[in-house]
A.B. asks: 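Before anything else, here's the structure in question.
Note that the structure is a prediction, hence the values are computed from the model and not measured. Both backbone and side-chain heavy atoms feed into the values below; hydrogens, waters and symmetry mates do not.
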Amino acid sequence: MQDNKTEFVPDHPVEVKKWRCTVCGYIYEGENPPETCPICGVPADMFELVEEEVVEAPMTKKWRCTVRGYIYEGDEPPEVCPICGVPADMFELVEEAPAAAMDPEEKDRLQSLMFDCSYGLYVVTAREDEFVNGMVCNTFMQVTDSPLRASLCLNKGGKTCQMIKATKACCVNILGQDNHDLVTHFGGFSGHVVNKFETLDYVPAPVNGCPELDNTLATVALEIEKEIDLGTHTMFIGRIVGGTKHSDGTPMTYAYYRATRKK
């Protein structure tokens, strides 16, 4: 007699994919990444799939791209980063996380709370010999008034950060509410592989030659006096040595940018 019993197969939860914006760190859940990042506006190809954390074999190595944060597994780093195109020497070996490391979901939850903090958006520029570069920054602020000093914090792997470490000079261009295009232009690509000023005009700052963007509200020039190692980032403390006012307007805050960016 034929057995017509149906085999019971237990239900399994549907796996939800997580995608991380390689520019600002925003986490999106879905089968595919979003068309654009709702935080910084970069397109879908600037997202990376967040792999579930598993127990690794003792000899498995992880390599982090110091520009975009992409993680690669293997005995050696990849020849080029598949996200931003930088070469193997821009990867660093990832040390195993300590037992007390924060749970990834809790970290994502706390990071989402920080998106409610309102602060400005700036384009930090640098010059090293004849090469100029710039990157988006949201951590610029005045720290003393006598003498005038300011601080900014940049990713160590960024080309601009490395140029500032070498030259001890930079300019901070203060963005207005109509400068969304500059956030996309300077935030979506790496200066290691793209010349961001190839199609963009600028004026060299009189005090240090770093690019002033005259379609912004103002530019402040800094002479770096101190560096503080923050692990993945470097904090620079600099004396304000010059500046130019370009136009009147309302400075762009991070909250305003998120609320008015193009979908």
A.B. asks: State yes or no: do V123 and V220 share one hydrophobic cluster built from I, L, V, M, F, W and Y residues joined by side-chain heavy-atom distances below 4.5 Å, directly or via other members?
C.D. replies: no

A.B. asks: Does the side-chain contact (heavy atoms from CB on, under 4.5 Å) test come out yes or no for K18 and E105, once each step is laid out?
C.D. replies: CA-CA 11 Å; K18 290 185 178 182; E105 291 187 2; 3.9 Å; yes

A.B. asks: Considering only NZ, NE, NH1 and NH2 on the basic side and carboxylate oxygens on the acidic side, decide whether E31 and K17 come within less than 4.0 Å.
C.D. replies: yes

A.B. asks: Name all residues meeting the salt bridge (charged side-chain N to carboxylate O under 4.0 Å, His left out) criterion together with E223; count only those two or more places apart in sequence or in a different chain, and write none if there are none.
C.D. replies: R239

A.B. asks: List, by chain and then residue number, the residues other than V207 in its hydrophobic cluster (Ile/Leu/Val/Met/Phe/Trp/Tyr, side-chain heavy atoms under 4.5 Å); write none if there are no others.
C.D. replies: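 Noted: V207 shares its cluster with V241.
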
A.B. asks: Applying the side-chain contact (heavy atoms from CB on, under 4.5 Å) criterion to Y72, which one of C81, C65, P78, P82 satisfies it?
C.D. replies: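 Exactly one pass, corresponding to P78.
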
A.B. asks: Mind checking whether Y254 and Y257 have parallel, tilted or perpendicular rings, split at 30° and 60°?
C.D. replies: parallel

A.B. asks: Distance from R127 atom CZ to I164 atom CD1, nearest 0.5 Å?
C.D. replies: 13.5 Å

A.B. asks: What's the separation between atom CG in L182 and atom CG in L200, rounded to the nearest 0.5 Å?
C.D. replies: 6.5 Å

A.B. asks: Determine whether E73 and K61 satisfy the following criterion, side-chain contact (heavy atoms from CB on, under 4.5 Å), listing intermediate values before the conclusion.
C.D. replies: CA-CA 6 Å; E73 296 182 5; K61 293 181 180 179; over 6 Å; no

A.B. asks: Quick check for you: to the nearest 0.5 Å, what is the distance between N173 atom CG and E212 atom CD?
C.D. replies: 7.0 Å

A.B. asks: Measure from the side-chain N and O atoms of T234 to the backbone N and O of K156, and report whether any donor-acceptor pair falls under 3.5 Å.
C.D. replies: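 Side chain of T234 to backbone of K156: no pair is present.
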
A.B. asks: Can you pull out every side-chain hydrogen bond (donor to acceptor under 3.5 Å, both in side chains) where at least one residue sits in residues 136-149? Sequence neighbours excluded, please.
C.D. replies: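 As it turns out, the side-chain hydrogen bond (donor to acceptor under 3.5 Å, both in side chains) pairs with a partner in residues 136-149, which skip direct neighbours, are R149-E225.
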
A.B. asks: Would you mind listing the cluster partners of M141? Hydrophobic ones only (ILVMFWY), side-chain contacts under 4.5 Å, chaining allowed.
C.D. replies: V143

A.B. asks: Can any side-chain N or O of N155 pair as donor or acceptor with the backbone N or O of G157 at less than 3.5 Å?
C.D. replies: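 A pair under 3.5 Å: yes.
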
A.B. asks: Okay, side chain of W19, backbone of G30: is any donor-acceptor separation there less than 3.5 Å?
C.D. replies: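 Confirmed, W19 side chain pairs with G30 backbone.
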
A.B. asks: Which heavy atom in P77 sits nearest to a heavy atom in F91, and how many Å separate them?
C.D. replies: CB-CB, 3.7 Å

A.B. asks: With sequence neighbours left out, which residue pairs that include part of residues 158-170 fulfil the side-chain hydrogen bond (donor to acceptor under 3.5 Å, both in side chains) condition?
C.D. replies: N133-T160, K165-E227, K168-E227

A.B. asks: How long is the span from the SG atom in C153 to the CG atom in L230, to the nearest 0.5 Å?
C.D. replies: 5.0 Å

A.B. asks: Looking at T216, L217, N179, which one forms a side-chain contact (heavy atoms from CB on, under 4.5 Å) with M252?
C.D. replies: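 That would be N179.
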
A.B. asks: Could you walk me through whether V172 and C137 pass side-chain contact (heavy atoms from CB on, under 4.5 Å), step by step?
C.D. replies: CA-CA 9 Å; V172 179; C137 170; over 6 Å; no

A.B. asks: Please report the C-alpha distance between V183 and L175 in whole Å, then the side-chain angles of each, then the deciding distance to 0.1 Å, and finally whether the side-chain contact (heavy atoms from CB on, under 4.5 Å) criterion is met.
C.D. replies: CA-CA 9 Å; V183 178; L175 301 185; 3.7 Å; yes

A.B. asks: Fit a plane to each ring of Y256 and H180, take the angle between them on a 0 to 90° scale, and name the class: parallel (under 30°), tilted (30 to 60°) or perpendicular (over 60°).
C.D. replies: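 Ring orientation of Y256 relative to H180: tilted.
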
A.B. asks: Can you list every salt bridge (Lys or Arg N to Asp or Glu O under 4.0 Å) pair that touches residues 183-202, not counting sequence neighbours?
C.D. replies: none

